[in-house]
Amino acid sequence: MTQSRRITIFDTTLRDGEQSPGASMNLTEKIEIAQALQELGVDVIEAGFPIASPGDFEAVREIAGTIHNISVCGLARCNEKDINRAWEALKIAKHPRIHVFLATSAIHREYKLKMTCEEIIQRAVDGVTLAASYCDDVEFSAEDAVRTEHDFLCRVVEATIRAGARTVNIPDTVGYATPAQMGDTIAMLCNRVPNIDQAVISIHCHNDLGLAVANSLAAVEHGAGQIECTINGLGERAGNCSLEEVVMAMRTRNDVYRCDTGIDSRRLVPTSRLVSGITGMSVQRNKAIVGRNAFSHEAGIHQDGMLKERTTYEIMRPEDVGFSKTDLVLGKHSGRAALANRAKMLGYRLTGEQLQQVFEDFKKLADKKKEIYDGDVVALVEQQLHGMIDECWKLVSFEIISRTGDMPHVKMTLQNGGQAVTEEVTSSGGPIDAAFRAVEKITGLPLACKDYQVRSATIGRDAQGEASLEIEHDGRSYRGLGVSTDTIEATVKALLNAVNRIAVMQKAPANCGECERNDE
Ligand code: KIV
Ligand code: ZN
């Protein structure tokens, strides 16, 4: 039997994933995710783009100082200022990696960079040489490689390997490739670049045509040794290759790919939940591997087959990707130890203080609802983890009158520091609009709602409602999450969660002048 090839998993949830509109995370949240990624078993964490903002710099530096078992990577454009800043953030890491990128396709050369092929090669070589003077582990990305002429791509790859790149990444920046084309491109590089054996070929696929996972697998089949991916497939536009899907495809179809990774697959669902809780980007129910329905069998014929022999309709076991085997019920008389145990089984690590808070919420919920399912525990824990920000504004009380034929009326009291403020609002737009207006009036913040969803955390009429929303304020997006058996209260909590994120951002230090985010 041929041996499995070990594929490096490069996770970019904290960099490309954070580029998903509305998915920005604060420092504490990024560290929490980095720790979960280390436990999951990824090989490299791309922690951010240090030149982009003081927040990105700080996050890369903190993660570099916290994560010791795996590589921590920072992104930089191919210029001195970016690379120096990246190294400044990374230098305390035990295993630092500098990732420099420069676009190579004709479209980018002509319209964005206004540079000739010779200038691109020189810039790429200079960038890699500078990065390699700081650390051994340097990755070079030829941005928009998939739309780059093959002859030129070969020259860039050869020159950057000669300059010291240990990994050469071939991004499908715009998600344009097809699997056959991607496979051919990687095979072509393996055949034509004379020093290709001195570097690992990496793949970085975007999902604009829904082909990111298929393209990454095709690249691996033809010789790529590293996959760049994100939890839940987060990322620019339609996102990146989904880590959980690509890993489970290689594991489940090892007969085809003959590849494996260092991922502990039982941590996939908990990590997915952590990321969706923090970013507020919920996972669609039918998402492969980690969606709620991924292992649910609805049709009678399927259920019958499953009862006779699981493998009739199941190619993976739910417990192998981290779904708990049973949905045990907790209730009013369950103690803190039972709750802690359940949260642990579901994959969460809570501090004593977090557990105490979740336990208090659990007791309140148990007074309203007889049976508490895993979904309820997940919702309470995620609300707690997601709400780990300074609570500038707190909900004291609200009252909503919504009557057929009348305009809804809201009376709301919020507290900021020691001061409570009450406002009353009547709105023709419905009770949710009235609640938004009351929060705007009290906080003085204009809040444009870009996305708003409520879904039930579990089955049953007494299920908790999980509200998630996206607010735009001052040109930036902020997400909020709130949970309650009263869906309007869940919405108000979600709104305050987003408002508190705005308040945190307003307190953050202004741009230091070292920081910029543009594409050359
Ligand atoms: O999509 C892309 O090209 C990127 C590079 C910076 C690797 O994200
Ligand atoms: Zn990308």
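Order of listing sets the numbers, starting from 1, for every ligand and every atom in it.
- Salt bridge present: R6 and D43 bring a charged side-chain N and a carboxylate O closer than 4.0 Å.
- Ionic pairing of R155 and E118 is present here: one or more N-O contacts between side-chain nitrogen and carboxylate oxygen are shorter than 4.0 angstrom.
- Scanning for salt bridge (charged side-chain N to carboxylate O under 4.0 Å, His left out) contacts around E62 gives an empty result, with sequence neighbours left out.
- Residues that satisfy the side chain to side chain donor-acceptor pair (under 3.5 Å) test with E110, not counting sequence neighbours, are absent from this structure.
- D56 pairs in a salt bridge (Lys or Arg N to Asp or Glu O under 4.0 Å) with only one of the listed residues (K30, R61, R15), which is K30.
- Between E245 and K287 there is a salt bridge, with a side-chain nitrogen of the basic residue lying less than 4.0 Å from a carboxylate oxygen of the acidic one.
- Taking each heavy atom of L90 and V72 in turn, the nearest pair found is CD2-O, 3.4 Å.
- You'll find the side chain of N240 reaches within 4.5 Å of the side chain of H206, heavy atoms only.
- Residues L447 and I502 form a side-chain contact, since some pair of their non-hydrogen atoms from C-beta on lies under 4.5 Å apart.
- The number of protein N/O/S atoms found under 2.8 Å from the Zn ion (ligand 2) is 3.
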Pairs of nitrogen or oxygen atoms, one from ligand 1 and one from the protein, closer than 3.5 Å: please tabulate them with distances.
{"unit_1": "ligand 1", "atom_1": "1 (O)", "unit_2": "H204", "atom_2": "NE2", "d": "3.2"}
{"unit_1": "ligand 1", "atom_1": "1 (O)", "unit_2": "H206", "atom_2": "NE2", "d": "3.0"}
{"unit_1": "ligand 1", "atom_1": "3 (O)", "unit_2": "T173", "atom_2": "OG1", "d": "2.6"}
{"unit_1": "ligand 1", "atom_1": "8 (O)", "unit_2": "R15", "atom_2": "NH1", "d": "3.4"}
{"unit_1": "ligand 1", "atom_1": "8 (O)", "unit_2": "R15", "atom_2": "NH2", "d": "3.0"}
{"unit_1": "ligand 1", "atom_1": "8 (O)", "unit_2": "D16", "atom_2": "OD2", "d": "3.1"}
{"unit_1": "ligand 1", "atom_1": "8 (O)", "unit_2": "H204", "atom_2": "NE2", "d": "3.1"}

